[in-house]
Amino acid sequence: MKVALLATAAAILIPVTPALAQEQANGEAVQTETSGIADIIVTAQRRSENLQKAAIAVSAVAGDTLVQQSITQANDLTRVVPALQVAPAASFTQIYLRGVGTFGANAFAEQGVAFNLDGVYLSRPAAPAGLFYDLERVEVLKGPQGTLYGRNATGGAVNVITAKPKLGEASGYINAEYGNYDAIKGSAALNLPLGEKLALRVAGQYVKRDGYYSDGYDDEDTQAVRAQLRGETGTGLDATLSVDYAHVGGMGSGGTIMPLLDGKHRLGPSDPRVIAAYVARSPTPPVPQAIASDDGYQDNDFFGAALTLNADLGFATLTVIPAYRKTDLDFRSYASSFMIDVQEKSSQMSLETRLGGHSGPLEWVLGGYYFAEDVSARQLFDQASNGTRINSELDTESLAAFGQATFSVTDRFRLTGGLRYTTDAKRQATEAHTLPFVGFVNPAQGNFTRIILDIVSYPHTDVDFNKVTWKAGVEYDAGPRSLLYASVATGFKSGALFAATGRNYSAPENMTAYTIGSKNRFFDNKVQLNAEAFLWKYKDQQISHLGPVQIASTPAGAIYGPVFTTENAGKSTIYGLELEALFQPTSNDQFSANIQYLHSKYDELTYQAYSTTGTAPVIGCAVTPTSQTGASPAARIYDVDCSGRPLVNAPRWVFNLGYEHSFQLGDHGKLIAAADTRIETSRYLSLDFLELGRQGSYMMSNARLTYESPSGNFSLTGFINNIENELVFANSLQSPAKPGVIYNQLRPPRTYGVRAGFRF
């Protein structure tokens with residue numbers, strides 16, 4: 001099958017007609033358009049280049065498309081990029097790319113897919129909040145990006161590129177949207193010239209919507225603002241200063257018990273019917289207790305500042321990007337049946353310096369990178385039959401040096417090589433309380449209370465990780481509009497810490513990716529056909545789950561308690577094929593198709609599971625009991641072997657299909673009708689590999705009709721998303737207190753509304 005996929009990709013690598021023109025104004029990456037399909041300029045390889053000429057597997061979604069699709073948060077990106085699965089986890093965001101990602105739900109977690117804002121890496125899993133407005137585009141780089149992007153880009157990278165200030169131009173826009181669930185969405189931007197060589201751009205976003213669940217959870221309440229000041233001297237020096245702030249409130253994400261009690265009404269975790277079903281499930285405590293409540297909330301603040309400085313030195317361009325970001329999380333969530341109560345304050349600073357040039361046949365970039373982060377977290381996980389309180393101070397410091405060069409052997413044939421060395425230093429000082437609830441008593445006043453056995457440990461870690469990553473590639477212009485490329489690239493995710501005595505960190509995970517691809521334009525620029533075949537070898541994957549960690553040592557041996565731990569759990573193989581096609585037969589019609597075939601398998605996946613009740617964990621894999629001692633008399637620890645299973649969030653097939661037609665109304669403007677659909681085959685949502693935690697095949701479609709004025713300054717759109725009102729699962733977690741009880745989170749139901757836009 002692997003050979004057949006590579007042969008299929010090679011078969012379509014055929015020459016086509018001359019390439020489109022591209023332009024670059026004031027150092028900005030811009031979208032250009034001549035006859036036929038429009039070009040998009042991307043910066044995926046740390047330089048501006050035509051997307052069709054970039055020898056890398058990357059998808060780009062224009063900012064206008066994000067507005068048309070009502071995308072206001074990272075979770076919505078799943079609709080527009082077949083390789084991507086993005087899901088909420090309380091106030092965190094989990095990003096999976098072709099099955100590679102991180103089930104991150106605490107302060108120790110780091111993504112396996114790097115998330116970047118204007119070239120600045122954002123480390124926290126909550127960082128993507130409040131950023132999706134006034135954007136030029138979003139780039140999704142597929143496969144490890146260890147050379148140019150460094151650590152934590154095992155599966156790839158998501159680059160969010162904001163719209164930049166335009167010199168000498170006074171302009172702006174206002175978008176306003178209203179829809180069902182009392183959804184109010186607004187965004188606006190104002191671009192002001194401050195003389196000939198200085199410009200200011202201020203943009204903002206307001207989103208407020210009722211929850212999709214019966215108890216109000218899964219709502220949206222976001223306010224954000226961004227200001228950017230751009231200037232140039234006229235002597236080859238330009239700089240952009242960006243400052244942004246966002247507040248994310250509301251009740252936060254929700255989840256519901258499986259199987260669904262009432263799929264039509266999306267019953268939330270604190271709905272009495274869900275609570276009754278949860279309490280009735282075995283095992284039940286002496287006095288039924290419902291952990292889920294309707295007092296969940298999120299009160300999260302995000303602040304960032306970055307300066308991008310470019311200097312033309314003649315022989316090369318120097319780019320310096322110092323940046324600072326602060327995240328202040330305060331939330332309580334019941335999305336997974338139990339209470340998660342978190343206060344987390346983090347700050348990161350980074351400095352990237354690059355020197356890039358083009359000397360004869362050689363195009364090159366050299367750089368250095370520094371990153372430092374401090375995280376202070378107070379986390380409580382109350383699971384009815386047990387709980388964990390973790391107070392941590394976490395520090396990370398990372399240094400890297402990198403270089404990549406492309407050498408033109410001939411006018412049509414080029415070789416690329418890249419190398420990066422990274423060293424990470426990670427430290428933790430943690431106070432961990434393991435709270436096995438061993439029984440219930442009846443005080444004098446008649447209220448039942450849990451007896452809590454509090455086992456306290458004080459994990460400390462001071463560990464370094466060092467890694468060399470590399471890339472080698474070839475590319476060939478088979479014709480003026482045809483590019484063939486092949487590459488081998490590596491990436492890694494730094495070792496992860498967790499709260500335990502003894503060994504309390506995992507080793508880094510590693511990826512090696514083999515890629516062959518082609519990018520083509522046909523028939524006078526009316527047809528675009530791109531193909532990529534890939535083979536990824538994934539080793540030492542980090543998985544996060546409720547597992548046993550040593551919390552105490554006695555003469556009789558070690559005592560283990562349940563902690564959401566991260567460990568290395570074997571290796572896997574991923575291979576597949578992605579095809580992307582655009583067909584624009586006339587200036588009024590455009591068809592699009594993006595198809596991904598993905599085969600994934602864990603060649604080896606073994607780990608340990610902690611059972612607070614002593615019963616064997618409910619997992620769709622081989623389970624074997626051990627003789628290790630748990631924190632309470634009833635607890636047991638089991639070995640789990642899931643080798644041979646597919647990766648989570650890795651559907652075998654994904655189809656994204658779309659059509660857009662413009663009806664010209666002469667002097668009265670035009671109407672634009674558009675429809676798109678996403679078809680997915682089934683996928684597992686968690687390492688439990690249970691049927692209730694599996695999303696079956698589905699089809700989800702969207703449609704919109706837009707009137708645009710003759711000048712293009714005014715537009716009015718009616719839209720409907722998820723026309724089928726499909727129930728699609730986004731995430732899944734098994735209750736630690738009740739084995740076999742599954743809570744799933746859902747993607748949005750059918751939504752519809754009207755949107756008006758005004759540009760000036």
Side-chain angles (χ1 to χ4, degrees), residues 103 105-106 258 281-285 336-338 381 383-388 432 434-438 453 455 457 496 498-506 540-554 556-572 602-648 684-694 732-743:
F103 191 82
N106 61 29
M258 299 295 295
R281 304 284 177 91
S282 180
T284 58
S336 301
S337 81
F338 59 91
F381 305 91
Q383 300 158 3
S385 64
N386 68 91
T388 308
T434 302
L435 311 171
F437 305 135
V438 298
L453 174 61
I455 301 176
S457 58
F498 52 89
T501 58
R503 184 180 175 94
N504 47 26
Y505 59 90
S506 66
D540 297 321
Q541 181 191 1
Q542 296 171 8
I543 64 167
S544 297
H545 65 102
L546 189 69
V549 298
Q550 183 177 336
I551 58 175
S553 180
T554 70
I559 296 177
Y560 295 86
V563 167
F564 197 75
T565 180
T566 299
E567 61 180 295
N568 301 100
K571 55 187 178 180
S572 57
Y602 283 111
D603 303 311
E604 179 183 321
L605 176 58
T606 58
Y607 63 95
Q608 288 193 321
Y610 190 101
S611 170
T612 59
T613 62
T615 58
V618 181
I619 298 175
C621 307
V623 176
T624 307
T626 73
S627 60
Q628 293 168 273
T629 303
S632 64
R636 293 291 183 272
I637 297 169
Y638 292 82
D639 289 330
V640 179
D641 188 347
C642 293
S643 302
R645 287 292 195 168
L647 273 70
V648 300
Y684 285 103
L685 299 157
S686 76
L687 290 171
D688 293 336
F689 295 108
L690 297 175
E691 187 62 24
L692 291 177
R694 184 179 71 89
S732 179
L733 189 69
Q734 185 171 178
S735 170
K738 293 176 178 280
V741 177
I742 306 297
Y743 273 64

Test Gln608 against Glu567 for side-chain hydrogen bond (donor to acceptor under 3.5 Å, both in side chains), laying out the working first.
-> CA-CA 10 Å; Gln608 288 193 321; Glu567 61 180 295; over 6 Å; no

Mind running side-chain contact (heavy atoms from CB on, under 4.5 Å) on Leu733 and Tyr743 for me, showing each step along the way?
-> CA-CA 6 Å; Leu733 189 69; Tyr743 273 64; 5.6 Å; no

Please test Val640 against Cys621 for side-chain contact (heavy atoms from CB on, under 4.5 Å), starting from the C-alpha separation and ending with a verdict.
-> CA-CA 7 Å; Val640 179; Cys621 307; 4.1 Å; yes

Can Gln541 and Tyr602 be said to form a side-chain hydrogen bond (donor to acceptor under 3.5 Å, both in side chains), step by step?
-> CA-CA 10 Å; Gln541 181 191 1; Tyr602 283 111; 3.2 Å; yes

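Looking at every heavy atom in both residues, Gly693 comes nearest to Ser732 through CA-OG, 3.5 Å. The shortest heavy-atom contact between Ile637 and Tyr610 is CG1-CD1, 4.0 Å. Closest non-hydrogen pair, Ala569 versus Leu605, comes out as O-CD1, 3.2 Å.
Of the options Leu687, Ile543, Leu685, a side chain to side chain contact (heavy atoms under 4.5 Å, CB included) to Val648 is made by Leu687 and by none of the others.
No side-chain heavy atom of Gln734 sits less than 4.5 Å from a side-chain heavy atom of Val741. Residues Val623 and Asp639 form no side-chain contact, since every pair of their non-hydrogen atoms from C-beta on lies 4.5 Å or further apart. Looking at Phe381 and Asn106, their side chains come closer than 4.5 Å, going by heavy atoms from C-beta outward.
Between His545 and Tyr607, the distance separating the two ring centers is shorter than 6.0 angstrom.
The OG atom of Ser337 sits 13.5 Å away from atom CE of Met258, with the distance rounded to the nearest 0.5 Å. For the atom pair OG1 of Thr565 and CG of Asn504, the computed distance is 9.0 Å after rounding to the nearest 0.5 Å.
With Ser611 contributing its side chain and Ala635 its backbone, the two residues share no donor-acceptor pair below 3.5 Å. Using a distance-only test at 3.5 Å, with no hydrogens or angles considered, no donor-acceptor pair links the side chain of Ser506 to the main chain of Asn568. Between the side chain of Glu604 and the main chain of Ser572, no donor-acceptor pair closer than 3.5 Å is present. Within the 3.5 Å criterion, the main-chain N or O of Asp688 finds a donor-acceptor partner in the side chain of Ser686.
No cation-pi contact links Arg636 to Tyr638, judged by a cut-off of 6.0 Å to the six-membered ring centre and 45° from its axis.
With sequence neighbours excluded, no residue forms a salt bridge (Lys or Arg N to Asp or Glu O under 4.0 Å) with Arg645. By the salt bridge (Lys or Arg N to Asp or Glu O under 4.0 Å) test, Glu691 is found to be paired with Arg694, residues two or more places apart in sequence or in another chain being considered.
Using a 3.5 Å distance cut-off with no hydrogens or angles, the side chains of Ser544 and Thr566 do pair a donor with an acceptor.
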